[in-house]
Structure formats: structure tokens, C-alpha cells
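Below is one structure; the comments refer to it alone.
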Amino acid sequence: MQKKIVINCDNKQTRVAVIENDKPVEIYLERPVHQRVVGNIYKGIVANVLPGMQAAFVDIGLERNAFLYVDDAQPGADEDSENKTKSKITIEQLLRPGEEIMVQVVKEPFGSKGARLTRQITIPGRYLVLMPTVEYTGVSRRIEESEERDRLKEIVSELRPDGKGLIVRTVGEGQSEEAFRQDLNFLLPLWEKIQSRYRQKSAPFLVYQDLDLIYRIIRDLFTEQIEQLIIDTRYEYEKIIETLEYVDASLIKKVSLYTGDAPVFDIYGVENEIERALSRTVWLDCGGYLVFDHTEALTVIDVNTGKYIGKTNLADTVLKTNLDAAVEIVRQIRLRDIGGIIIIDFIDMDSEEHRRQILEKLVEKTKEDKTKSHVLGLTGLGLVEMTRKKARQGLDAVLQQTCPYCGGRGKVLCPDVISAKTERQLKSYMASLDDEALLAEMHYSVAGLLIGPSGSYLKKLEEETGKAIFIRGSDTMHIEKYRIIASGSLDEIQQLAFPVSPGEQHQVKIEEPHANNPYDGIGRISGFVIDVQAGGAYVGEKVTVEIIEVARTFARAKIV
């Protein structure tokens with residue numbers, strides 16, 4: 001199987017796509033507004049203990065208190081004693097309100113639920129996972145050859161420090177004892193540093209933060225099985241090379257810096273696949289289609305024949321559609337990062353042999369997924385049940401927000417995602433533009449993100465394109481849309497871009513206080529921002545103002 005990793009970096013986000021046989025199968029995103037918490041270690045305070053639920057809520061400094069179940073509240077329980085001891089110990093015996101404890105996030109907050117925690121700390125390295133609170137030796141289940149498992153277990157048993165546990169990661173297959181020793185020599189001092197920070201700081205406090213996205217990808221996914229890693233930013237490319245010189249120098253030859261004009265995600269078809277992954281309906285190559293419906297408890301996938309009419313008989317048409325659907329369903333589950341309970345309604349099949357083939361195909365494809373999945377079989381109603389471990393939010397939760405136009409019945413892209421998308425589209429448009437300036441209009445929340453603090457992002461965009469760009473915000477524009485009002489010479493566009501001039505008087509409705517100076521108020525004239533001095537006291541009212549100064553992205557005014 002051909003496997004590649006493609007990384008796209010810009011000012012607003014880092015995106016990683018894993019590609020198998022020229023098709024994206026996994027997408028990872030990291031943005032400043034959506035910081036990952038899974039893997040982080042905190043010094044938390046037990047907020048309350050709930051005997052009826054055999055759980056506790058712990059304040060770790062996030063928006064909502066995190067959840068700690070009794071089975072995860074015992075830092076010293078090991079594999080052998082787990083079933084014998086956990087059922088005998090209650091949450092009241094383990095924790096009390098106000099107690100400070102070390103915990104690690106194992107599941108992100110979802111919807112109204114807080115993060116899920118454990119006291120059984122794990123610290124991943126390149127080849128090993130250190131379990132400092134558990135005496136245990138293990139080997140990844142994905143390493144299947146018995147002789148190799150025995151060899152690895154023997155090596156790790158000798159290396160394992162007293163009172164601690166070690167697990168060999170999948171990437172550790174075939175590695176020497178020296179490679180494991182080097183990894184352990186990195187992990188043990190890191191654990192000492194975590195303990196030191198824990199003792200020095202008061203709760204709630206972030207004791208250890210997992211690596212950022214690119215370096216988690218290098219640590220967790222970039223192996224000999226990956227044919228190529230492509231990244232489009234020179235700075236990150238050089239940092240990856242430096243990291244690999246320490247981690248695994250043999251992989252350096254697989255890293256490439258992308259320097260093409262077209263966006264790297266467009267070249268590898270990732271942008272189109274992201275659009276498909278956000279759609280409710282996905283068409284199959286054979287002409288059938290899938291429908292995805294999500295609830296908080298489970299995801300339901302419906303399979304339909306669609307435009308596929310087959311070539312021989314109904315049974316073969318149904319089998320062909322269902323087999324294609326099984327392959328695409330697993331890919332979409334990975335791409336969308338769907339977790340929890342999954343119910344699949346395949347097209348009804350009368351043949352027991354055909355039903356067996358569908359289940360076998362599902363099981364075969366789920367083995368390619370590094371996230372643990374179980375295909376449980378057919379229910380009495382002919383539905384296929386499966387589960388997939390849910391540790392982080394799905395792609396739709398990361399990229400979309402509740403739609404402000406329909407009161408939550410649908411979703412639209414987040415403003416920062418739209419601004420990044422708009423920036424890419426503007427770059428593409430201006431590459432073929434002969435004029436020296438243009439004026440674009442978009443929703444004011446997107447315009448603010450595209451302009452950036454003190455116009456810094458807009459200035460950088462102008463430097464990259466060699467064009468003068470004027471942005472007009474509008475509260476009537478659809479948040480996902482923008483339009484080019486005009487392009488031409490700098491003088492022509494300036495006259496259009498500035499609807500006001502110094503000395504003019506206008507009536508303006510004060511919409512909100514200024515974000516950095518609540519004493520001032522913000523109004524708009526034809527989408528152009530007016531910073532009204534002393535206007536913060538008139539929010540919601542119309543006032544007459546005189547324009548004092550006109551800048552590129554806003555004007556200052558005083559109340560007359």
C-alpha cells in the first residue's frame with residue numbers, strides 16, 4: 001500500500017493528511033483557537049465526589065470540570081490486579097473534595113460533556129510508552145508475529161525500571177535494544193521534570209503539554225511504511241529535518257519541501273475530500289451513495305443504490321453496492337474521525353454468503369485504522385453494529401460551528417476556517433490579475449480575521465501577492481461567501497473603498513464597544529468600520545459623528 005503524509009501550514013492553522021493509495025484517509029488539524037488537550041497532564045483539584053455515579057469531577061483549569069471515573073482513579077492498578085481490585089474500591093475511598101491530584105486527559109470535551117481523565121499516566125516516546133504509575137510490560141497488539149513479540153518483551157523487561165511500566169509501540173517492531181534504551185533515557189528525565197513541576201505549582205495547573213501536531217505526526221505516524229512526507233513551509237521543513245536527525249536519520253530522505261504555486265492540498269486532492277467529509281451525502285464510484293446522520297450517542301450510515309442499476313441481477317447489484325459502500329464507509333469514518341457507536345444500514349441482502357462477505361470486508365478495512373474498532377455483526381433487523389474509540393472531536397466539530405442563520409438546525413464553517421479559505425482563493429484570483437488593487441466584501445467577522453491585528457495579516461497578504469487589497473466588512477453577507485466588488489488602479493479602488501472622508505458628518509448606529517477600548521464604540525458605514533470616540537456609552541443608539549481620520553481598514557470619528 002502506498003502511503004504519504006502531506007502537511008499544509010499557514011498563519012492560522014496546521015493541517016495534516018494521511019494518504020493511502022492516492023486517497024486521503026485521515027485528516028488532523030490544529031489551530032490556536034482549538035488547542036488539543038488529550039495527552040496533557042494537569043495538577044487538578046477534586047471539585048466533588050459522586051458516590052451514586054462512582055466518579056468525581058476535577059477542576060483542571062478548563063471551561064468545564066473534567067470527569068474521572070472510579071476505574072481510572074487508581075494510579076497504581078496494573079493489568080493483573082485490575083479486575084480483582086477495582087470493583088472492591090469505591091470513589092469515596094480514593095478521593096475527597098479539595099484534594100490535589102495528578103491527572104491526564106484521555107478524551108476531549110464533547111458537546112456539554114467535560115474532558116475525561118485518568119490517573120494512570122502514560123508518556124509516549126518514539127518506540128516506547130512509559131507508564132510511571134504501573135508495573136507492566138507490554139507490546140503493541142499490531143505487532144502480530146509471535147517471535148518478534150517475545151524478543152521485544154524480553155528486551156523491554158530488562159530495561160523496565162522498578163515500579164514503572166513500558167509498552168512497545170508499533171513503530172518499535174524490528175528495533176534494537178539500543179534504540180529502546182535511548183528512548184527510555186529521554187522519557188525518564190521527562191517524568192522527573194513533570195514530577196518537579198507538579199510539586200512546585202499550585203492547582204489547577206498544566207504540568208505537561210503534549211507536542212504540537214507536526215511533531216506528534218513525526219513521533220506517531222512517520223515510519224518506514226510511509227513513502228514520502230511533503231510539507232509546504234520551509235521553516236517547518238528544516239525543523240523536521242533537525243528532529244529526524246535525532247529521532248531516525250534514515251527517514252530524512254523521505255521528507256520533501258513542496259514549492260509549487262498551487263496549494264499542496266489541492267495537488268493531492270485533500271481540499272475536495274474535506275468538502276466531501278463535511279457533506280451529509282457521499283457518492284460512491286459505482287453510482288450508489290451513503291448518508292451520514294450524527295447524534296450525540298451514535299452515528300447512523302445509510303447505504304443506497306442511487307444511480308447504480310447493475311448488469312446481471314438484483315442480488316449482484318446489491319452486493320456490488322454494499323461492497324463498495326463497506327470500503328468507503330471505513331475510509332469516511334477515518335477521514336471524519338467518527339467515534340462511539342456506529343450503525344450501518346446496508347441494502348437488504350437475502351444471501352447469507354453475501355452478508356458474510358460484507359462483514360469480512362468491513363473487518364478487513366478496519367484493520368488499516370490505527371484507532372481501535374470492533375465490528376460486532378448484524379442485528380436482528382439486519383443492521384451492522386460497530387464501535388470505534390472516541391478520543392477527540394470529529395472533523396465536523398473542529399471545522400464547523402452552529403449555524404447563526406437557522407438557530408442551530410444546520411452548520412456553517414467557522415470564521416477562522418473561512419478566512420483561511422478566502423485568503424487562499426484571493427491568492428489564486430490575484431495571481432492572474434493584472435490590476436494593481438482590488439476591493440473585496442465579506443462578512444465582518446471574516447473580514448476582521450483576514451485583516452488581522454493592526455492589519456498585520458492583510459499586509460502580509462499584500463506582500464505575498466504584490467497587490468493592494470481593500471477589505472469591506474458586511475453584516476448582511478453570508479458568513480461563508482465573499483465577493484470582489486472591483487479591481488483597477490490604486491486610486492480608483494481607494495475612492496471606492498473609503499465611503500467617508502475627514503470632516504464629513506454621518507449618522508451611525510453604535511453596534512458594540514471597541515474590543516480593546518470599551519470607552520469607544522464601533523459602528524459601520526457601508527461595512528466600513530467607524531471607531532467612535534466615547535461611543536461605548538451609546539451601544540444600540542444612533543448618533544451623529546464627524547469623521548476625524550481615515551485609515552486603510554477603519555475611520556476614527558467623534559460624536560457631534
Side-chain angles (χ1 to χ4, degrees), residues 29-77 82 85-87 89-124 131-134 191 194-213 216 294-298 337-341 388-394 396-398 400-402 408 414:
L29 301 103
E30 192 165 83
R31 307 197 306 273
V33 295
H34 182 76
Q35 289 291 340
R36 168 188 162 96
V37 296
V38 171
N40 290 355
I41 300 173
Y42 293 86
K43 185 173 187 177
I45 304 174
V46 179
N48 48 353
V49 177
L50 309 174
M53 295 177 63
Q54 281 300 293
F57 284 101
V58 183
D59 179 9
I60 59 174
L62 300 182
E63 184 178 349
R64 292 187 296 272
N65 286 346
F67 183 80
L68 179 63
Y69 184 59
V70 63
D71 286 355
D72 301 313
Q74 304 174 61
E82 184 174 1
T85 60
K86 285 186 178 179
S87 60
I89 300 178
T90 64
I91 195 72
E92 309 98 290
Q93 294 173 295
L94 293 169
L95 299 172
R96 62 182 185 277
E99 182 180 357
E100 294 186 346
I101 57 174
M102 181 185 292
V103 288
Q104 186 171 33
V105 178
V106 293
K107 186 180 290 188
E108 283 190 357
F110 292 97
S112 60
K113 298 178 181 177
R116 182 163 176 175
L117 305 175
T118 182
R119 295 181 74 186
Q120 297 157 29
I121 307 298
T122 57
I123 307 173
M131 305 170 70
T133 63
V134 177
W191 171 239
I194 290 169
Q195 289 180 301
S196 176
R197 284 170 62 85
Y198 178 83
R199 290 190 293 265
Q200 294 170 8
K201 303 294 182 178
S202 57
F205 182 76
L206 174 60
V207 178
Y208 167 76
Q209 185 168 22
D210 201 4
L211 300 172
D212 63 25
L213 178 57
R216 292 200 307 274
H294 302 276
T295 70
E296 191 167 346
L298 55 83
D337 205 6
I338 298 172
I341 301 169
R388 186 171 185 267
K389 184 179 178 182
K390 187 173 187 176
R392 61 192 181 108
Q393 296 187 55
D396 61 340
V398 176
Q400 296 176 317
Q401 66 177 13
T402 302
C414 303

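Any value given below was found using the heavy atoms of this structure, including those in side chains, with hydrogens, waters and symmetry copies removed.
- A search for side chain to side chain contact (heavy atoms under 4.5 Å, CB included) contacts involving Asp396 returns Leu278, His294, Gln400, Lys411, not counting sequence neighbours.
- Within the 4.5 Å cutoff, the side chain of Leu206 has no heavy atoms near those of the Tyr208 side chain.
- In this structure, Ala47 and Pro97 approach most closely via the heavy-atom pair O-CB, 4.1 Å.
- Here the side chains of Ile194 and Ile121 are not in contact, with every heavy-atom distance at 4.5 Å or above.
- Taking OH from Tyr69 and OG1 from Thr118, the interatomic distance works out to 13.0 Å, rounded to the nearest 0.5 Å.
- Taking all atoms of both residues into account, the shortest heavy-atom contact from Tyr198 to Met102 is OH-N, 3.5 Å.
- To the nearest 0.5 angstrom, Tyr42 atom OH is 4.5 Å from Leu62 atom CG.
- Remark: Phe57 engages Phe67 in a ring-ring contact (aromatic ring centres under 6.0 Å, His included) (not counting sequence neighbours).
- Annotation for Gly61 and Pro204: closest pair N-CB, 3.5 Å, computed over non-hydrogen atoms.
- By the side chain to side chain contact (heavy atoms under 4.5 Å, CB included) test, Lys107 is found to be paired with Phe110, Arg116, residues two or more places apart in sequence or in another chain being considered.
- Evaluation of the side chain to side chain contact (heavy atoms under 4.5 Å, CB included) rule for Ser202 yields no partner, not counting sequence neighbours.
- The shortest side-chain heavy-atom distance between Leu94 and Gln74 falls under the 4.5 Å cut-off.
- Residue Val58 is tested with Ile45, Asn65, Ile101 for a side chain to side chain contact (heavy atoms under 4.5 Å, CB included); the sole match is Ile101.
- A distance of 10.0 Å separates CG of Asp210 from CD1 of Ile123, quoted to the nearest 0.5 Å.
- Nearest heavy atoms, Ala115 versus Val105: CB-CG1, 4.0 Å.
- With hydrogens and angles disregarded, a donor-acceptor distance shorter than 3.5 Å links the side chain of Gln104 to the backbone of Gly39.
- A donor-acceptor pair is defined here as one N or O able to donate and one able to accept, closer than 3.5 Å; such a pair exists between the side chain of Gln120 and the backbone of Asp71.
- Residues forming a side chain to side chain contact (heavy atoms under 4.5 Å, CB included) with Glu92 (at least two apart in sequence, or on another chain): Pro51, Gln54, Thr90.
- Lys201 has its side chain out of reach of Val207: every pair of non-hydrogen atoms, C-beta onward, lies at least 4.5 Å apart.
- A side chain to side chain contact (heavy atoms under 4.5 Å, CB included) with Gln209 is found for exactly one of Ile41, Val37, Asn40, namely Asn40.
- In this structure, Arg388 contributes its side chain and Ile338 its backbone to a donor-acceptor pair below 3.5 Å.
- Using a 4.5 Å cut-off on side-chain heavy atoms (C-beta onward), Leu68 and Arg119 make contact.
- Legend: salt bridge (charged side-chain N to carboxylate O under 4.0 Å, His left out) pairs involving residues 41-63, not counting sequence neighbours, sorted by first then second residue: Lys43-Glu100.
- In terms of modelled atom types and a separation under 3.5 Å, the side chain of Arg31 and the main chain of Val398 share a donor-acceptor contact.
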